[in-house]
Amino acid sequence: MALSPAPEDFTPLEGGVAARAAALAGRGRFLEALNPEQRAAVETIDGPLLVLAGAGTGKTRVLTTRIAHILSSGRARPWEILAVTFTNKAAREMRERIESLAGPGAEALQWLGTFHAISAKILRRHAELAGLKSNFTILDTDDQIRLLKQVLQAENIDDKRWPPRALAHQIDAWKNRGLSPDHVPAGEAQSFADGKGKKLYALYQERLKVLNAVDFGDLLLETLRLFRENADVLDEYRQRFKYILVDEYQDTNTAQYLWLRLIAQGRHNVCCVGDDDQSVYGWRGAEVENILRFEKDFPGAKIVRLERNYRSTGHILAAASHLIARNEGRLGKTLFTEGADGEKPTVTGVWDSEEEARAIGEDIEQLQRKGHDLEEIAILVRASFQMREFEERFITLGLPYRVIGGPRFYERLEIRDALAYLRCVAQPFDDLAFERIVNTPKRGLGDATLQVLHEYSRRESAPLMQAARVIVETEELKPKPRATLRTLIADFDRWRSLIETTPQNELAEMVLDESGYTQMWRDDKTPEAAGRLENLKELVRAMEEFPDLAGFLEHVSLVMETDESADQRRVSIMTLHGAKGLEFETVYLPGWEEGLFPHQRSLDDSGRAGLEEERRLAYVGITRAKRRLKIFFATNRRIHGLWQTTLPSRFLDDLPAANVEVKEASGGSQYGSYGVSRFANMDSYGSSYSTPGWKRAQTARESGASKPARRTPPMIEGEVLAKSSASARFVAGARVFHQKFGPGTVANVDGNKLQVDFDKAGRKMVLESFVEPT
DNA sequence: CGTAACTCTGTCTGT
DNA sequence: CAGAGTTACG
C-alpha cells in the first residue's frame, strides 16, 4: 500500500537554498504580468475565493500563478496543495505551466489531478476502511455494463426489455448525485424493471465488493463515504491540504461538490475557478448551481470576475457574446477586448459532409502555403463520428493531423485483452478479466467449462481463478479442457511469481507471447491484424515508464492515451468537449445543422436546458479561436447510414450579422444564405417529431437511402443489373472479391457455395452471393 | 466447439 | 451502417 510521501521526496521547488532564492527572485516577475483582477485572484490566498472567469480571460494563468505564488511564498509545500481538474489533459497542462513558472519539481505536486485520480489515490490508502483491498480494480464502462448484465441475468430479468446500458445510466445518475443504494429516494427506486432499480443497484454494489472492484462513480462515492464515516481520516486530509484549487468548477456534480466541501471546510482555503457559460457536462450530472451555492457554503467568500479577454479578436468575441446572450439564467458577464477587430468569422454552406471535408482541407492547405503553423489549427466537431470524414480526406491530401479523444487506445479490443491478461496476473480475483481471456485465443474452454467454474465460484464464493484451480484436480471436466485449464492456471501462477523480479514490460511481453495471444494475431490474416500487433507493442513500450505493474494498471484505467510523437506539426481534430480549455489561431466548426448541433438527443432528453447547454458548447467552440473562425453547415449528411437532408443550425441565427461574413456555398447550394430563418416563428425548442428535419428523415427512410443526387443521379440502372446478372455463375480459377476477406481465386464450385483461396485469409467456404467478380 | 451468415438495434458528449 | 447477438451447419 502506498505510504505518505517521504520527506526525501523534496525537490528544488521546496528544497535547496538556491532554488528558493531563484523562486523568490521570480516571484515579483510572474505577478507583474497580471492585470489587476488576475492579480487579486492570485493574491487573495487565505479564505474562500470564487473566480468567475470568462473564456480567454487567463483562467489557467491565474491558477498556475496562484500555485506558484503559494509555493514561492513558502505558505505550503507542494504536497500540501490539492489542485483538481476535470480532464487529465488539463492536469498535465497545469503541471507543465507551473513548472515553467516555478522551475522543475512540479511532480512534487502529487495531489494535482482529476477528481477521479485523486479519489483513487485516497481510496487505495484506506481501502480496507471502504471494504476493499488496496489493489482494487477500476472498471470502465464496458466492464460495468457486462457486470450489470450478469446481475440482470441472475435476477431473471429480460435484458432485452431492460437493457443493462439503461441501468448503468440510472446508477451513474444516482452516483453523480451522491446517492448510495439505501439513499435512493423511494419514488425513483421504481424506475427500472418494474421497481427493481434500487435492488439491482444494491446487488451490483455487492458484486463489485466481491470482485474487489469499483466503477468511476464509486471512486467519488466511496471516498465520500470514507470521509463521512471516518472522522480521523477526513481530518488527516483537512490538515494536509493547506490550499485547495478547483478548475472548471461549473462542471462539478453533486458527489464531487460534497467531496470537495467536506475537505474544504477544514481550513477554508479554497479557490474555485469557473464560468457558468462554459458548463457543458450537465449530462454527466454537473450542477451549475454549485457556483451559486459557493457563497452560502463559504460565508465571507470573495468573488473576483475576470472579463478582459486576451485571446480572440473583436469580431470573434462579438459573435460569441451575441450567441451566448440568447441563453437565460446566466450569471452574466460582459467580455471585452482591447485587441483589433480582426477578420470576420465566416459561415459557409456546403452540399454534403464530403464537400465539407474537402472545403476545409483545401482551406487548410492554403493557410499552410501561407506559412501558418498546423499546430495552431483545429477542427472541432460535435460528435466523434464526424471525425472520420476529415481523416479520410486528410489522408488523401497527405495533410498531417492528430485525432484527440477519438476511439481511446485502451478501448481497443487487443488492448483490452492484453490488459485483461495483466489483470489476471496482478489481481487473481479479477473475474471479469479472467472470463474475457479464458478462451482468447481459442483454447477449447467454452461455455460448458465456464459453467462449471461459475457454479463452483458461486457455491464457495471464490474467484474464478481459484475455482479453476480446484476443479482441475477433480473429475468434473472432460480430460481435454481439464488439461488446458491446468496449464493455463500454472502459467498464470508462474507469471505472478515473476511480478517482483521482472520489469513489468518484459513480463507483459512474456505473458502475451507465452499465452499465445500475439500468435493469435499473427495468424489472423485480416487487414487490421498488423495494426493490432503494433498497438500491443506500443502498450508494452508505454509500460516502461511506470514504477510497477500495479502503477501501470492504475494509470491505464484512468487515463491511457496514445502519446504519439509530437515531432511533427499537425492539425488537431477533436470534439468540442475535448477542446475546452484550449485555444488555436484558426478554428473550424463543421456540422452546424439542426439535429447534429444542437444535437437532437440533448433536445429530446433535456428540452430547453439541453438546448442551452448545446448553445454553451457552441460558445466554447467559438471562443477557442484566436484569429480565424470558420463555421460550416452541410445540406446533406449521412446519419446512421442514411442520407438525410438537414437544416442549418438555429445557432447560426444567434450570430450577429454585423460581425459575420456569409460565404456563398461553393457549388451553388440553394442554402447559400441561411438567413431564411425558419425558426423565427418557432418558440419550441424542437422535439424530435416536430422538426422538419425529422419528418424529412422519416420520408427518406421509407423511400430508400441513396445519397441525394446533385447534378447527376448517382444510381445508374445498368450498374445494378450488371451486378445481379454477374453473380449467376463462377468457375474455378475466377478472381473474386469478398467484402471481408478481400481478393481471392475460386478453387471449387459446389452449387451456390464456393471454395475460395483468398490472398490474405487463406481458403474459405463462402456463399456465391457474398463475392463479386473482379 | 468454431465459423459464416443472418437479424436486430442503437443512434453524443467522457472520468 | 456497424456491432452485438443468434442460428445453422460442419
Side-chain angles (χ1 to χ4, degrees), chain A residues 84-91 113-120 138-142 144-146 149 159-160 163-166 172 175-176 214-220 248 251-253 255-256 280-286 380-388 404-408 410-411 413 439 441-449 478 480-481 484 557-561 574-580 591 595-606 610 613-614 616-617 620-621 638-644 688 697 705 738-741 753 761 764-770:
Chain A
V84 194
T85 63
F86 273 79
T87 60
N88 299 297
K89 199 159 38 127
T114 62
F115 270 110
H116 291 86
I118 290 169
S119 294
I138 300 169
L139 300 189
D140 64 16
T141 316
D142 263 27
Q144 190 190 10
I145 285 171
R146 214 167 318 157
K149 195 171 171 183
D159 60 13
K160 288 272 161 42
R165 273 180 159 283
D172 279 347
K175 288 185 174 175
N176 286 337
V214 296
D215 62 21
F216 284 126
D218 281 342
L219 289 172
L220 301 169
E248 309 280 15
D251 289 333
T252 43
N253 62 35
Q256 291 163 332
V280 291
Y281 283 98
W283 51 274
R284 220 173 69 189
L380 310 182
V381 298
R382 174 62 181 84
S384 43
F385 73 82
Q386 293 172 261
M387 294 175 171
R388 218 166 69 179
I404 299 173
R408 274 167 188 47
Y410 67 86
E411 281 170 3
L413 179 78
N439 201 29
K442 304 270 185 277
R443 5 175 116 83
L445 298 173
D447 285 345
T449 308
K478 297 203 177 97
K480 212 168 171 186
T484 317
S557 50
L558 289 172
V559 285
M560 196 66 188
E561 287 163 35
M574 62 181 104
T575 64
L576 286 160
H577 284 91
K580 201 151 73 115
L596 178 58
F597 194 38
H599 200 282
Q600 192 60 54
R601 231 183 115 150
S602 271
L603 267 33
D604 290 347
D605 292 353
S606 320
E613 179 153 315
E614 294 284 303
R616 289 193 291 271
L617 203 48
V620 167
R638 192 162 44 180
I639 298 170
H640 315 148
L642 296 168
W643 283 99
Q644 289 182 199
S688 33
H738 186 279
Q739 213 39 54
K740 185 168 168 204
F741 302 124
K753 277 176 260 171
K764 300 267 179 201
M765 180 78 86
V766 294
L767 280 185
E768 189 187 78
S769 52
F770 278 79

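Bear in mind that the values here come from a model prediction, so they are computed numbers and not experimental data. In the text below, chain A, chain B and the rest are named by the order of the sequence lines, each starting its count at 1.
- The side-chain ring of A/His599 is not stacked on the base of B/dT13, judged by centre separation under 5.5 angstrom and plane angle under 30 degrees.
- Within 4.0 Å (heavy atoms only), A/Lys478 reaches no atom of the nucleic acid at all.
- Here the side chain of A/Asn439 pairs no donor or acceptor atom with the backbone of A/Lys442 at under 3.5 angstrom.
- In this entry the distance linking CZ of A/Phe385 with C1' of B/dT13 reads 12 Å, nearest Å.
- Counting non-hydrogen atoms under 4.0 angstrom, A/Asn439 reaches the backbone sugars and phosphates but no base.
- The two residues A/Asp251 and A/Phe86 have their closest heavy-atom pair at O-CE2, 3.3 Å.
- Along DNA chain B, the nucleotide nearest to A/Ala448 and the one nearest to A/Glu613 differ in position, and the one closer to the 5' end is contacted by A/Ala448.
- The side chain of A/Arg601 places an N or O atom within less than 4.0 Å of a non-bridging phosphate oxygen (OP1 or OP2) of B/dT11.
- Residues meeting the side chain to side chain contact (heavy atoms under 4.5 Å, CB included) test with A/Ala166, sequence neighbours left out: A/Pro163, A/Phe192.
- What separates CG of A/Asp605 from C1' of B/dG10 is a distance of 14 Å, to the nearest Å.
- Using a 4.0 Å heavy-atom criterion, one finds that A/Phe86 contacts the sugar-phosphate atoms exclusively.
- Proximity of A/Thr575 to the phosphate of B/dG14: a side-chain N or O atom is located under 4.0 Å from OP1 or OP2.
- Formation of a donor-acceptor pair under 3.5 Å by the A/Glu613 side chain with backbone atoms of A/Gly282 is found in this model.
- Rounded to an integer number of Å, the gap from CG of A/Asp142 to C1' of B/dG14 is 13 Å.
- The A/Tyr281 side chain lies nearest to B/dG14 when the options are B/dC12, B/dG14, B/dT15.
- In terms of modelled atom types and a separation under 3.5 Å, the side chain of A/Lys580 and the main chain of A/Leu617 share no donor-acceptor contact.
- A/Asp215 and A/Lys175 are joined by a salt bridge, as a carboxylate oxygen and a charged side-chain nitrogen come within less than 4.0 angstrom of each other.
- Distances were taken from every side-chain heavy atom of A/Phe216 (C-beta onward) to each of B/dC12, C/dG5, B/dT15; the shortest belongs to B/dT15.
- Of the candidates B/dC12, B/dG2, C/dG5, the closest approach to any side-chain atom of A/Lys442 belongs to B/dG2.
- Along DNA chain B, the nucleotide nearest A/Pro163 and the nucleotide nearest A/Gly217 are compared for position; the residue whose nucleotide lies closer to the 5' end is A/Pro163.
- Using a 4.0 Å heavy-atom criterion, one finds that A/Thr141 contacts the bases of the nucleic acid, with or without backbone contacts as well.
- Heavy-atom neighbours of A/Arg146 CZ from other residues, nucleotides or ligands within 6.0 Å: above the threshold of 12.
- In this model, the phosphate group of B/dT15 is not approached by any side-chain N or O of A/Asn253 to a distance below 4.0 Å at OP1 or OP2.
- If you measure from atom CE of A/Met574 to atom P of B/dT13, you get 15 Å, rounded to the nearest angstrom.
- Between A/Gln386 atom CD and B/dC12 atom C1' the separation is 10 Å, expressed in whole Å.
- The side chain of A/Thr114 lies closest to B/dT15 when the candidates are B/dT13, B/dG2, B/dT15.
- In the set B/dT11, B/dT15, B/dT13, the nucleotide with an atom closest to the side chain of A/Arg165 is B/dT11.
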Given pairs defined as Watson-Crick or G-U wobble with both distances under 3.5 Å, what dot-bracket annotation applies to DNA chain B, with ( ) intrastrand, [ ] crossing, | other strand and . unpaired? ||||||||||.....
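- Between A/Arg284 and A/Asp172 there is no side-chain heavy-atom pair separated by less than 4.5 Å.
- Straight-line distance from the CD1 atom of A/Ile404 to the P atom of B/dT15: 12 Å, rounded to whole Å.
- Summarising the geometry, the separation between CG on A/Leu220 and P on B/dG14 is reported as 18 Å, rounded to the nearest angstrom.
- The CZ atom of A/Arg146 sits 14 Å away from the C1' atom of C/dG5 (whole-angstrom rounding).
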